[in-house]
Amino acid sequence: MHRNRGVRLAALAGIGALVLTGCLQSGDDGGGGGSSDGGGTAGAGGSEPGDGKVDVFGAFTGAEQKAFEASLKTFESDSDIDVTYNGSSDFTTFISSRLRGGDAPDIALYPQPGILLDAAADGDVVPIDEFLDKGSLENTLIPGFLDAVTDDEDTVFGAPMRMAIKSIVWVPKKAWASGGYEEPKTFQELLKLSDQIKADGVTPWCIGYEDGAATGWVGTDWIEEMMLRVAGPDVYDQWWKHEIPFNDENVKKSFDAYGEIVFADGYVLGGPKGILSTPFGDAGNPSFEKPPACMMQRQGNFITGFYPPDVAKNLDASVTVFGFPPYEGGFDGNPVLGAGDMAALFNGEDEDAKEVMKFLTSPDFGAEWAKNGGWLSPHKTFDGSNYPDETTRQIAQIAIDADVFRYDASDLMPPEVGADSFWKGMVAWTSGQEDTAKVTEDIENSWPS
């Protein structure tokens, strides 16, 4: 895997907490709780082996930290292991600083698997097969999750402890039922459904890109959805690894497939200009007007944190969800796009740290967090009765029913692309400043050597 470690780490330190981390935090402002400096009192390599203490460092703080700590209480009591968690919304900067300074935590929870692999390539991370049975883990995980933390020698360096799912279409429940609309089985059926909704006098799609300096990431998610369906997961992996160029024909076809929605007359509320000026967190809110100003929003499970309070508190009565459908003539399967926090072990000499890793990455972890909302287990065997509402259970089932999971590609690409030229390219393409051929060529030319 061609990581370009020095360039990547330096650039990421400047970027700080990317938008994906914020999405995983379900609208949490990242304030409060935890250590603001990524601290913890552990020395080099984490806590002392056998002292009954384990140091964990992650990206979430505030209410999410409290939910995480609540999910550990029974384990701590039963195991007699004291887990200390410290979190920082600027996780990327502080984890790289701690590693450079020889002050690694026992365990780190990475929202970006590419940065975990960078640390693994430097020899800092313990392979999971030294303390976990990979086969047993894969039997419970949604297929494909470990691929994002597997190096070129097929060594796995982390395992997920939570996930986010992006391949979700959200619609207003009552308006959807009143229109008699049905879940489409293919992308082509989705276009026909869009025509039907438009004919009924409602704008089919709610889409917004605006997010300050990160404007455009919503568009990259759309391209990733289409790449998974048009070209399939193997080509998708070749794409983000740059084993095929960014202007490969599969990528162009994926842009053009998305363009059938973006540039279709009357398909998107406000048209392309509206897409660029609408804050991503507000994009779906017009669907809850009476009558709805737009009907469908493709967005991750974290979007509920941006919904109006009355909608967020009554999800089951307010929304219906379905999985983004396959592309007819493309990948013969049902993929799902998402993200997740990957747990990685640094202190391979500490048996207590290994026990914490085993728990964090098992289907037994997370019941208390799930009940509080905003958390999804990456395990197919997790007890879904722990989720607070039927909508969340349906979203979890979308992931469980998928043939393969793939991590957000822009979060795996070098930051010069995934968090810069790709974002900017989506803005230029959506505005009409650049066509598919030009924008994919420009992004290809931005790829670091």
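As the structure is a prediction and not an experimental result, all values here were calculated from the model. All residue numbers refer to positions in the sequence shown, counting from 1. These numbers come from the heavy atoms of this one structure, side chains and all, not from hydrogens, waters or symmetry mates.
In summary, the side chains of Asp383 and Ser385 do present a donor paired with an acceptor at a separation below 3.5 Å, with no hydrogens or angles considered. For the 3.5 Å distance criterion, the side chains of Thr186 and Tyr327 fail to qualify, holding no donor opposite an acceptor. Checked by atom type, the side-chain pair Ser167/Glu225 shows a donor-acceptor distance below 3.5 Å. Side-chain atoms of Trp205 and Ser194 form a donor-acceptor pair, as typed in the model, at a separation below 3.5 Å. Side chains of Asp90 and Thr93: a donor-acceptor N/O pair is present below 3.5 angstrom, by distance only. Residues Asn372 and Trp375 bring no donor and acceptor atom of their side chains to less than 3.5 Å of each other.
Under a 4.0 Å N-O distance rule, the pair Arg98/Asp55 qualifies as a salt bridge. The existence of a salt bridge linking Asp106 and Lys53 is excluded, since no basic side-chain nitrogen approaches an acidic carboxylate oxygen closer than 4.0 Å. Using a 4.0 Å cut-off between charged nitrogen and carboxylate oxygen, Asp389 and Arg393 do not count as a salt-bridge pair. A salt bridge is absent between Lys66 and Glu69: the closest approach of a Lys/Arg side-chain nitrogen to an acidic carboxylate oxygen does not fall below 4.0 angstrom. Using a 4.0 Å cut-off between charged side-chain N and carboxylate O, Lys358 and Glu355 make a salt bridge.
Ring centers of Phe60 and Trp369: under 6.0 Å apart, within the cut-off. Between Phe57 and Tyr85, the distance separating the two ring centers is not shorter than 6.0 angstrom. Between Phe288 and Tyr307, the ring centre distance stays below 6.0 Å. Between Tyr236 and Phe331, the ring center distance fails the sub-6.0 Å criterion.
Remark: Trp217 CH2 to Trp423 CH2 distance equals 9.5 Å, nearest 0.5 Å. Here the CD1-CD1 distance, from Ile207 to Ile261, works out to 6.5 Å after rounding to the nearest 0.5 Å. The distance from atom OG1 of Thr155 to atom CG of Leu117, rounded to the nearest 0.5 Å, is 10.5 Å.
Put simply, the side chain of Met296 reaches to within 4.5 Å of the side chain of Leu190, judged on heavy atoms. Taking 4.5 Å as the limit, some side-chain heavy atom of Met227 sits within range of a side-chain heavy atom of Ser254. Phe91 has its side chain within reach of Tyr110: a pair of non-hydrogen atoms, C-beta onward, lies under 4.5 Å apart. Two residues are said to be in side-chain contact when any heavy atoms from C-beta on lie closer than 4.5 Å; Val356 and Ile81 meet this criterion. Using a 4.5 Å heavy-atom threshold, the side chains of Met295 and Trp170 count as separate. Side chains of Val336 and Asn334 form no contact here, defined as non-hydrogen atoms less than 4.5 Å apart. Val319 places none of its side-chain heavy atoms less than 4.5 Å from the side chain of Lys173. Counting only heavy atoms from C-beta outward, the side chains of Ile223 and Tyr258 approach each other to under 4.5 Å.
Counting heavy atoms of neighbouring residues, nucleotides and ligands inside a 6.0 Å radius, atom NZ of Lys380 exceeds 12 of them. More than 12 heavy atoms of other residues, nucleotides or ligands shown are found within 6.0 angstrom of CG on Asp78. Other residues, nucleotides and ligands place no more than 12 heavy atoms under 6.0 Å from the CD atom of Glu349. Within a 6.0 Å sphere centred on CD of Glu289, other residues, nucleotides and ligands contribute more than 12 heavy atoms. More than 12 heavy-atom neighbours from other residues, nucleotides or ligands sit within 6.0 angstrom of CG on Asp310. Within a 6.0 Å sphere centred on NZ of Lys424, other residues, nucleotides and ligands contribute 12 heavy atoms or fewer.
Listed here is the closest heavy atom pair of Phe68 and Met161: CE1-CE, 3.9 Å. Considering all non-hydrogen atoms of both residues, Ala164 and Asn301 come closest at CA-OD1, 3.3 Å. Annotation for Thr278 and Ala283: closest pair CG2-CA, 3.8 Å, computed over non-hydrogen atoms. The two atoms that bring Gly340 and Tyr407 nearest to each other are O-OH, 2.6 Å, heavy atoms only. Of all the heavy atoms in Pro335 and Ala402, the pair that sits closest is C-CB, 4.4 Å. Residue Leu228 comes nearest to Pro233 through the heavy atom pair CD2-CA, 4.0 Å, listed as atom of the first residue, atom of the second, then distance.
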Lys354 vs Glu351, salt bridge (Lys or Arg N to Asp or Glu O under 4.0 Å): CA-CA, chis, key distance, verdict: CA-CA 5 Å; Lys354 292 178 182 179; Glu351 294 301 317; 3.4 Å; yes
Worked check of side chain to side chain contact (heavy atoms under 4.5 Å, CB included) between Arg406 and Val404: CA-CA 7 Å; Arg406 278 297 181 267; Val404 64; 3.4 Å; yes
Verdict with supporting geometry, Ile165 and Phe405, side chain to side chain contact (heavy atoms under 4.5 Å, CB included): CA-CA 9 Å; Ile165 294 300; Phe405 174 96; 4.0 Å; yes
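Figure legend: Arg298 and Trp222 shown as a cation-pi pair, the cationic atom lying under 6.0 angstrom from the six-membered ring centre and within 45 degrees of its axis. Judged by the 6.0 Å distance and 45° axis criteria, Arg229 is not positioned over the aromatic ring of Phe324.
Among Thr92, Asp341, Asp408, Asp118, the single residue meeting the side-chain hydrogen bond (donor to acceptor under 3.5 Å, both in side chains) criterion with Gln112 is Thr92.
Within the 3.5 Å criterion, the main-chain N or O of Val83 finds a donor-acceptor partner in the side chain of Glu76.
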